[in-house]
Amino acid sequence: MNGPAPAWRSALLGRVVAQLEAEIRQAWESLLCDLDVAAGSAEAIELAWLVVDDPAAYGWRTVDGALDQLTCPACGSRLTRGPDSCETCEFHHRMRFGAREVDRQHVPPGNEHALRVASAVTRTRHRYSPRARAGYELMLPELVAGALPTTGQAQAGKALINKLTDDECDRVTDLAQVEELATGR
């Protein structure tokens, strides 16, 4: 992510986000290297626009890396990170989900999709509700480690999170704390 580092809900989440950010930078740098394009050049910016305009041709980490290179022409923010009212940022945020997802080796099918969605929520927190942020951010470390909750586990976690206030959702640091707060409600 660009700009000041946010205060993550836990040190573990901060480490996992840093790992994902490094993977995203590496994916972008690999594309630049493959095409012999200099980072930060006008050609690199042109390439970034080509990538975000055709996300289905690239892996999601490369698309997110391209988004990080661009400034929204409508609001002046980093592309996808502008205010909810910016239609250009919202359009490109939605388009990012057209990028390719290839499951990593030794993870359950669907892990990469879950990881990609959780990463997008974490990278554009302001676009999501406190409940969505809590759910995806609390699961992100496990997804990076290769886990994938079952549908029942995900639904049970969501049911617990739905019992919390918005403020509690923004303050919880792990699933045990969610369960403790939600018990009896």
Side-chain angles (χ1 to χ4, degrees), residues 1-28 55 59-65 67-68 78 80-84 89-90 92-185:
M1 294 174 61
N2 298 321
W8 298 111
R9 63 179 68 243
S10 70
L12 174 60
L13 179 61
R15 288 190 302 273
V16 167
V17 169
Q19 176 185 336
L20 281 171
E21 292 296 334
E23 290 176 12
I24 289 166
R25 277 191 307 277
Q26 178 59 45
W28 175 248
W60 73 266
R61 288 172 182 81
T62 302
V63 172
D64 274 21
L67 289 168
D68 288 348
R78 179 81 50 214
T80 73
R81 309 234 180 133
D84 291 341
C89 280
E90 180 62 21
H92 285 287
H93 175 65
R94 290 177 186 269
M95 287 293 292
R96 79 185 333 144
F97 292 104
R100 292 187 316 220
E101 301 169 349
V102 177
D103 279 317
R104 297 169 291 154
Q105 289 185 346
H106 311 295
V107 300
N111 170 274
E112 193 68 11
H113 175 71
L115 177 57
R116 180 249 205 99
V117 172
S119 175
V121 171
T122 302
R123 297 184 97 227
T124 56
R125 302 181 86 245
H126 69 288
R127 296 195 175 283
Y128 295 92
S129 71
R131 283 166 180 71
R133 288 191 305 262
Y136 284 109
E137 289 175 358
L138 292 174
M139 283 305 302
L140 189 58
E142 291 185 41
L143 295 171
V144 168
L148 183 65
T150 65
T151 300
Q153 289 168 327
Q155 289 171 341
K158 182 179 180 183
L160 290 173
I161 288 170
N162 284 342
K163 293 179 180 184
L164 305 182
T165 66
D166 287 355
D167 185 55
E168 288 170 333
C169 285
D170 281 335
R171 287 185 293 125
V172 292
T173 59
D174 57 40
L175 293 171
Q177 193 175 26
V178 170
E179 191 170 352
E180 179 183 320
L181 288 168
T183 300
R185 292 188 184 174

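Of all heavy-atom pairs spanning Cys89 and Gly82, the tightest one is SG-N, 3.4 Å. Pro130 and Asp170 get closest at one heavy-atom pair: CB-OD1, 3.8 Å. The nearest pair of heavy atoms linking Arg133 to Val121 is CA-CG1, 4.1 Å. Phe97 approaches Ala120 most closely through the heavy-atom pair CZ-CB, 3.6 Å. Residues Ala27 and Thr62 share a closest heavy-atom pair of CB-OG1, 3.6 Å. The heavy-atom pair separating Val63 from Ala99 by the smallest distance is CG2-CB, 3.6 Å.
Under the salt bridge (Lys or Arg N to Asp or Glu O under 4.0 Å) criterion, no residue pair touches residues 173-182, with sequence neighbours excluded. Each ring-ring contact (aromatic ring centres under 6.0 Å, His included) pair with one or both residues in residues 127-157, not counting sequence neighbours, appears once here: His93-Tyr128. Among pairs with a residue in residues 105-122, those fulfilling salt bridge (Lys or Arg N to Asp or Glu O under 4.0 Å) read Arg61-Glu112, Glu101-Arg116, Arg104-Glu112, at least two apart in sequence or across chains.
The side-chain heavy atoms of Arg96 and Arg123, taken from C-beta on, include a pair separated by under 4.5 Å. Leu164 places a side-chain heavy atom less than 4.5 Å from the side chain of Arg185. Side-chain contact between Trp60 and Ile24: present, with at least one pair of heavy atoms (C-beta onward) separated by less than 4.5 Å. Counting heavy atoms from C-beta on, the side chains of Val16 and Trp8 never come closer than 4.5 Å.
In this structure, the separation between CG on Leu181 and OG1 on Thr165 is 8.0 Å, given to the nearest 0.5 Å. Remark: Glu21 CD to Asp64 CG distance equals 8.0 Å, nearest 0.5 Å. The CD atom of Glu137 sits 10.5 Å away from atom SG of Cys169, with the distance rounded to the nearest 0.5 Å.
Of the charged side-chain nitrogens involved, at least one lies within less than 4.0 Å of a carboxylate oxygen, so that Arg81 and Asp68 count as a salt-bridged pair.
A donor-acceptor contact shorter than 3.5 Å is absent between the side chain of Arg15 and the backbone of Pro141.
In this structure, Ser10 has no side chain to side chain donor-acceptor pair (under 3.5 Å) partners at least two apart in sequence or on a different chain. Scored by the side-chain contact (heavy atoms from CB on, under 4.5 Å) test, Met139 finds Glu142, Leu143, Pro149, Leu175 as partners (sequence neighbours excluded). Considering only residues two or more places apart in sequence or on other chains, Arg100 meets the side-chain contact (heavy atoms from CB on, under 4.5 Å) condition with none of them. Remark: Arg171 engages Asp167, Glu168 in a side-chain contact (heavy atoms from CB on, under 4.5 Å) (not counting sequence neighbours). Residues satisfying the side chain to side chain donor-acceptor pair (under 3.5 Å) criterion with Arg94, sequence neighbours excluded, are Glu90. Residues passing the side chain to side chain donor-acceptor pair (under 3.5 Å) test with Asp103: none are found, sequence neighbours excluded. Here Pro83 pairs with Cys75, Ser77, Ser85, Cys86 under the side-chain contact (heavy atoms from CB on, under 4.5 Å) rule; sequence neighbours left out. Applying the side chain to side chain donor-acceptor pair (under 3.5 Å) criterion to Gln19, with sequence neighbours excluded, gives Glu23.
Within a 6.0 Å sphere centred on NE2 of His126, other residues, nucleotides and ligands contribute more than 12 heavy atoms.
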Step by step, would you call Leu140 with Leu20 a side chain to side chain contact (heavy atoms under 4.5 Å, CB included)?
CA-CA 10 Å; Leu140 189 58; Leu20 281 171; 3.8 Å; yes
